[in-house]
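The structure appears right after this line, and notes come after that.
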Amino acid sequence: MTDTSFLPPLIAAIQSEIINNEAEISALDRAIGDGDHVTNLLRGLEAVAKLNDELVQLDWSAALMKIGMTLMSTMGGASGSLLGSMFVSMGKAAKEQELDLNGMTAVYSAGVESIKARGKADIGEKTMLDTLIPVMQSLQSDTEQNADKTTVLSNIKTAATQGMQSTKDMLATKGRASFLGERARGHIDAGARTSQLILCVIADELSKI
Amino acid sequence: MTDTSFLPPLIAAIQSEIINNEAEISALDRAIGDGDHVTNLLRGLEAVAKLNDELVQLDWSAALMKIGMTLMSTMGGASGSLLGSMFVSMGKAAKEQELDLNGMTAVYSAGVESIKARGKADIGEKTMLDTLIPVMQSLQSDTEQNADKTTVLSNIKTAATQGMQSTKDMLATKGRASFLGERARGHIDAGARTSQLILCVIADELSKI
Amino acid sequence: MKKLINGVESVLEESLNGFARAHSNIIQFNHQPHYVTRKNKPENKVALISGGGAGHEPLHTGLVGKGMLDAACPGQVFTSPTPDQMLMAAQEVENGAGVLFIVKNYAGDVMNFEIAAEMLDCPHETVLVNDDVSLPKNHSTGRRGVAGTLIVEKIVGAAAEAGADLAACKQLGDKVVNSTASMGVALTSCTVPALGQPTFDISDNEVEMGVGIHGERGREVMSLTTADDLVHILAKAIDEELKPTKDQRVLLHINGFGATPLMELYLVYDLAAQFFEERGIKIVRSLVGNYTTSLDMAGCSITLTLMDDEMLQYWDAPVHTAALRWGI
Amino acid sequence: MKKLINGVESVLEESLNGFARAHSNIIQFNHQPHYVTRKNKPENKVALISGGGAGHEPLHTGLVGKGMLDAACPGQVFTSPTPDQMLMAAQEVENGAGVLFIVKNYAGDVMNFEIAAEMLDCPHETVLVNDDVSLPKNHSTGRRGVAGTLIVEKIVGAAAEAGADLAACKQLGDKVVNSTASMGVALTSCTVPALGQPTFDISDNEVEMGVGIHGERGREVMSLTTADDLVHILAKAIDEELKPTKDQRVLLHINGFGATPLMELYLVYDLAAQFFEERGIKIVRSLVGNYTTSLDMAGCSITLTLMDDEMLQYWDAPVHTAALRWGI
Ligand SMILES: Nc1ncnc2c1ncn2[C@@H]1O[C@H](COP(=O)(O)OP(=O)(O)O)[C@@H](O)[C@H]1O
Ligand SMILES: Nc1ncnc2c1ncn2[C@@H]1O[C@H](COP(=O)(O)OP(=O)(O)O)[C@@H](O)[C@H]1O
Ligand SMILES: [Mg+2]
Ligand SMILES: [Mg+2]
Ligand SMILES: [Mg+2]
Ligand SMILES: [Mg+2]
């Protein structure tokens, strides 16, 4: 599978979704972090968007790898190393996978596992993983059940949104919010929110293909 | 003349007058200076008040000298060197003077002249001299005319008050306010205000003796 | 937001340009990616590399030079640098004796340095600085690295300059970390250029106790109180951590966060010194000033390092960087 | 007012105590009256004495030591010291070669030093520093002394250390003054402890252009604009005053007023250096940091000194003070 022509519009859609929610994301990271998450992400996305011409020439494995290296070398911060690792790992996994539900689930899962490993974190620690892991679980069970595309995409959005919202009442045990103890409760994690926004945009864009 | 027993109540009266007007004086020096004039003056007065027991043992020449040295070594700032010099010079002049209208005029004039010399300043430069010099002129003409005590004291207050008020519309050519150019206009000089307050208290206290 | 800048996009680059220009006798600035390296590094000396988000100046760029760091990698403001910065800096300064990374314990710094280290094909070690005792030792992410980092960099820097090998530098770095404790209090937030507003709100009669150095809120909000009370809280936490015994020699470092005048920092020094001297502790070295800052945050931290002969000798050894200089 | 203090009455004394404690290897602090003297002053060296209101730290106390001042007399915050401080300090440090007073041109400083000088019965001279070009040269009180003072103290300090006599020190001091121009801009007021509130109000989109260092308002209010614009105004005024010709060697000093982060000061350095280099001027030395502060004021000043061989040699000579140190 080498058609990566869906990437440029997808990246653009993600960029504009993040920009539309910039103030909210910034406020989330200011409340229990240091406020830079949305800036970091936008810097990374901008760099990725500049690669569009190159990305469409690549197969999806190489494209994911390229995106990962770009995020890694432009974002910085905790999220830069994590998202960078995720995409690089997805790129590696994609080498052996078809671009079907099965393949996408395997590739996405490899990405999430690399975040868990790099961040030494798991579900329930008030991080982006609280969005990413439920989506992985949803994908895995939909793959097993051979769910149809509409169901898969709608489940992604539900899992991402519920996961993101679950961070609100958590105590944080990873990331900057962990320094705040009880004071972190009541705030949604910024990385969980951006992951949810991105996954929802991806689901919406895939539904159009 | 050695009766300096009127000094302690006079000093106390001056202190309380300055304290009563502290916020206003502070605001004046903040507007066109650096805001410390009233603190400097109160620090000096407090040190002088501590000398009370000693002052009543001294003749007025020595008492004035002692006050001058104390102001000089406790106030600091422009006003400390000026008021210090004034009292030291008054102390020197008092050696040869009786404590009558004539003597007081001569002594006071010597003090004002020493400020003019130390500060290289004269009337019309938006400083304490705009209060001090008109009072000197009033005293000198009342002495010539042999005015009665009530007239002398009332003229002191009028001259001091008019002099102080005259600084409001002046451009400053001495002191910190000079740095502000036109922006200094419309503000009364802090040193002119404290000089006026002090001279009015002195006039009031002398009227009771 | 009131800042002497031309725009939030260009502030970091322009500031680094100015730094490079002002200190071109001792350092060199690489633009793409950003890193600062020491000029005239001797052959076969362990290469010391640190880095972290910008906004803590003079840390780390101002600590590059003879007797301290060989390279520093500044990220965006309060954002950890990226692995390529560290990797390229390492490749440039490594010359036979390996690389020692000195990393403040923050998720972003740790992970980005980790990735760089994994990609580096020469001997390397990492010293993780976690001196902030405002968090318990068993905190889920470990404790943060704050103002004690400078002390690690100075002492290990002198050892490397004197010819210590990679293992010895690593061991000494760990020793300094284990001998160092810090804690800070913020009176105001700071304003990150890209955010354009203070990171957190705080009222006129509150302080944030136990803050890190990225403008995050602290462990808890407290009422503004006297310097005596605030210093007591900080010093007590440090004392309970390090448990210095009578006659123990220490280095006492009062670090300003950027907007607190030296007048107040020296006052804090006086109170902290009293606190420790009353316990029979011997303050043999001191450092007072703005070294590990949070942009324009008001407040300060106290750092104490238990010193032995070796550490003292390395602390006193000549150093020539933009921010610390003596003996040269 | 948010400050790390115990009370407005005690802040100065406690801060000086901390300073004395932190630097007891190089200075000594006299309590009654306040002055700081250098330890180990050589015999028969001209005694350099400066002073002024507190609140400008590290100026002047932080500049006492080998190669710079022999004594500094701190007044109350922003209030000139009193003649007895200078007199007693002079009597303590004078040892055969006379006294040179280095005085910033402010009415209070000038008059109090004058009174001290009149009472001093040993050879003495005064160098009056008036480097602030925000005021015209023929201003009624003369121009203010600001951040250029440090440069005078460093260069004359080195000359005195090298054995220059009183007349030579006085002459060199005047030469440095005549070769130096400064101008500053404030983004915020400062808060004097005793006042408990900012000295002046300023809106979020205004700056005070041409400020002194006591929290007074500047020459004029201007709209907040880019660092490019602000630096251009400051540098142009300095350039028009000193009229450096092509290839002239200069020292460029960017001085922070206390609350502006180093990140911004280096950015200003970059812009100012560009300004002068574009005119063919050679920046041969630089100094960037908070040296002549106004408590917690945000803003900075630019100082330029035209250098010749003699001045360069003295600038580079060893110095060991709390705030400036090199070669030792
Ligand atoms: N150990 C970790 N594992 C997974 N996610 C993490 C971890 N640490 C931080 N994060 C995520 O990273 C986000 C913060 O990213 P960002 O603000 O860009 O970096 P930084 O925290 O370095 O400022 C958090 O909101 C959280 O979702
Ligand atoms: N050259 C001068 N001659 C006479 N009075 C002066 C002179 N300079 C300043 N003053 C007076 O001193 C006052 C300021 O005193 P103060 O605030 O205590 O000192 P500083 O100006 O050093 O802060 C001014 O308001 C002015 O009246
Ligand atoms: Mg963040
Ligand atoms: Mg004043
Ligand atoms: Mg960050
Ligand atoms: Mg003053």
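Just so it is clear: chains get the letters A, B, ... in the order the sequence lines come, proteins before strands, and each one is counted from 1.
- Closest heavy-atom contact between A:Leu132 and A:Ser195: CD2-CB, 3.9 Å.
- Taking a cutoff of 4.0 Å between a charged side-chain nitrogen and a carboxylate oxygen, A:Lys116 and A:Glu113 qualify as a salt bridge.
- A pairwise comparison of heavy atoms in C:Val192 and C:Leu295 identifies CA-CD1, 3.8 Å as the closest pair.
- Using a 4.5 Å cut-off between heavy atoms, A:Thr39 contacts chain C through its side chain alone, with no backbone atom that close.
- Between chain C and the residues A:Ala78, A:Ala27, A:Gly33, A:Gly77, the largest count of heavy-atom pairs under 4.5 Å involves A:Gly77.
- Partner of A:Leu83 under the side chain to side chain contact (heavy atoms under 4.5 Å, CB included) criterion, chosen from A:Leu41, A:Thr194, A:Ile67: A:Leu41.
- Of the possible donor and acceptor atoms, one in the side chain of C:Asn290 sits under 3.5 Å from a partner among the backbone N and O of C:Gly258.
- For C:Val221, the parts lying under 4.5 angstrom from a heavy atom of chain A are both the backbone and the side chain.
- The closest side-chain donor-acceptor pair between C:Glu14 and C:Asn6 falls under 3.5 angstrom.
- Among the candidates C:Val211, C:Ile115, C:Leu135, C:Asp132, the residue making the largest number of heavy-atom pairs closer than 4.5 Å to chain A is C:Ile115.
- Highest contact tally toward chain C, considering only A:Ala31, A:Gly76, A:Gly119, is held by A:Gly76 [criterion: heavy-atom pairs under 4.5 Å].
- A:Arg176 has no carboxylate O lying under 4.0 Å from a charged side-chain N of A:Asp29, or vice versa, which leaves the two without a salt bridge.
- When heavy atoms are compared at a cutoff of 4.5 Å, C:Phe78 approaches chain A by way of both its backbone and its side chain.
- Using a 4.5 Å cut-off between heavy atoms, C:Asn112 contacts chain A through both its backbone and its side chain.
- For A:Ser79, no part lies under 4.5 angstrom from a heavy atom of chain C.
- The parts of C:His214 that come within reach of chain A are both its backbone and its side chain, each placing non-hydrogen atoms under 4.5 angstrom from that chain.
- Minimum heavy-atom separation, C:Ala90 to C:Leu120: CB-CD1, 3.8 Å.
- Counting heavy-atom pairs under 4.5 Å between each of C:Glu114, C:Gln85, C:Arg144, C:Arg143 and chain A puts C:Arg144 at the top.
- Below 30°, between 30° and 60°, or above 60°: for C:Tyr106 and A:Phe179 the angle between ring planes is above 60°, a perpendicular geometry.
- The choice from A:Arg43, A:Glu125, A:Glu182, A:Arg118 that makes the most heavy-atom pairs within less than 4.5 Å of chain C is A:Arg118.
- For a residue to count as touching a neighbouring chain, one of its non-hydrogen atoms must lie under 4.5 Å from one of that chain's; by this rule C:Glu9 does not touch chain A.
- Neither the backbone nor the side chain of A:Met69 comes within contact range of chain C, judged by heavy atoms closer than 4.5 Å.
- Of the two parts of C:Glu216, the backbone and the side chain both hold a non-hydrogen atom closer than 4.5 Å to a non-hydrogen atom of chain A.
- Looking at every heavy atom in both residues, A:Leu153 comes nearest to A:Ala203 through CD1-O, 3.5 Å.
- Proximity to chain C involves both the backbone and the side chain of A:Ser73, based on heavy atoms less than 4.5 angstrom apart.
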